[in-house]
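Written out below as structure tokens is the structure these notes cover.
Scope of the values below: all heavy atoms of this structure, side chains included, with no hydrogens, waters or symmetry mates.
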Amino acid sequence: MNLNIKATKTTLTPGMQQEIEDKLSVLEDFLRPEDKIHFEVEARASKDSTQEFRAEISIQPNGQFAEASGGDMYEAIDLLIPKIKQQRTREKDKKISLR
């Protein structure tokens, strides 16, 4: 697994990086060693002058993509992981049923 983490308009702290890696460890069963994972966290100001965080993940070569937004970075990540896990599970089930 090749993991690339990018932070836009925010700082990527070691704690944030460790949290992302811990959350992605749930996906270990669904990933192959040659998969490239691009994970991005972005902080942006919303219309009511509060800060909103967006997390997105892209897994190549399969082209799977998911994104989620939340009030803080950890909430956005927590919302994102089930989305991508569902996509990976669906793909794995399809391959098994085709055999």
Side-chain angles (χ1 to χ4, degrees):
M1 173 174 78
N2 184 4
L3 178 62
N4 181 16
I5 301 173
K6 178 183 175 185
T8 306
K9 298 181 185 173
T10 187
T11 306
L12 183 65
T13 64
M16 292 168 94
Q17 185 170 358
Q18 186 63 39
E19 179 72 19
I20 291 168
E21 291 172 0
D22 290 344
K23 295 290 183 173
L24 289 177
S25 67
V26 173
L27 301 175
E28 292 281 329
D29 297 336
F30 304 102
L31 297 174
R32 296 180 305 238
E34 64 268 11
D35 286 343
K36 295 179 183 175
I37 300 173
H38 179 75
F39 195 96
E40 182 175 354
V41 178
E42 178 184 15
R44 56 184 172 184
S46 63
K47 294 177 183 172
D48 58 353
S49 71
T50 60
Q51 199 167 28
E52 182 178 292
F53 288 85
R54 182 181 66 86
E56 87 179 28
I57 187 170
S58 173
I59 300 176
Q60 298 298 332
N62 297 338
Q64 293 167 327
F65 176 83
E67 74 175 319
S69 297
D72 66 349
M73 192 264 314
Y74 299 105
E75 179 185 1
I77 293 171
D78 287 341
L79 294 171
L80 176 71
I81 296 301
K83 289 181 180 181
I84 197 71
K85 185 177 179 183
Q86 181 182 18
Q87 287 181 20
R88 298 298 291 193
T89 304
R90 192 176 316 133
E91 178 189 328
K92 188 175 181 179
D93 289 345
K94 272 186 188 178
K95 286 182 180 180
I96 290 172
S97 66
L98 288 175
R99 286 186 202 160

Could you give the distance from [atom1] ([X]) to [atom2] ([Y]), rounded to the nearest 0.5 Å?
X   : Y   : atom1 : atom2 : answer
T13 : Q18 : OG1   : CD    : 10.5 Å
E91 : I96 : CD    : CD1   : 11.0 Å
F65 : Q60 : CZ    : CD    : 10.5 Å
K92 : K85 : NZ    : NZ    : 10.5 Å

For [X] against [Y], the heavy-atom pair lying closest together:
X   : Y   : answer
P61 : D35 : CD-OD1, 3.5 Å
S69 : R44 : OG-NH2, 3.4 Å
A68 : A76 : CB-O, 3.7 Å
L3  : E21 : CD2-CG, 3.8 Å
F39 : I77 : CZ-CG1, 3.9 Å
E67 : K83 : O-NZ, 2.9 Å

* State which residues pass salt bridge (Lys or Arg N to Asp or Glu O under 4.0 Å) with R90; sequence neighbours excluded, sorted by chain then number. =>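 Applying salt bridge (Lys or Arg N to Asp or Glu O under 4.0 Å) to R90 gives none.
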Got [X] and [Y] here, is their nearest side-chain heavy-atom distance under 4.5 Å?
X   : Y   : value
Q17 : I20 : no
I81 : L24 : yes
T11 : M16 : no
I59 : R88 : yes
T10 : E42 : no

* To do: State which residues pass side-chain contact (heavy atoms from CB on, under 4.5 Å) with K6; sequence neighbours excluded, sorted by chain then number.
  =>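 If we apply the side-chain contact (heavy atoms from CB on, under 4.5 Å) test to K6, skipping adjacent residues, the hits are T8, H38, E40.
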* Would L80 end up clustered with Y74 when hydrophobic side chains under 4.5 Å apart are linked, directly or stepwise? ->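 Yes: a chain of side-chain contacts under 4.5 Å links L80 to Y74.
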* Check whether the side chains of S58 and E56 place a donor and an acceptor atom closer than 3.5 Å, and report yes or no. =>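 There is no such pair (donor and acceptor under 3.5 Å, judged by atom type) between the side chains of S58 and E56.
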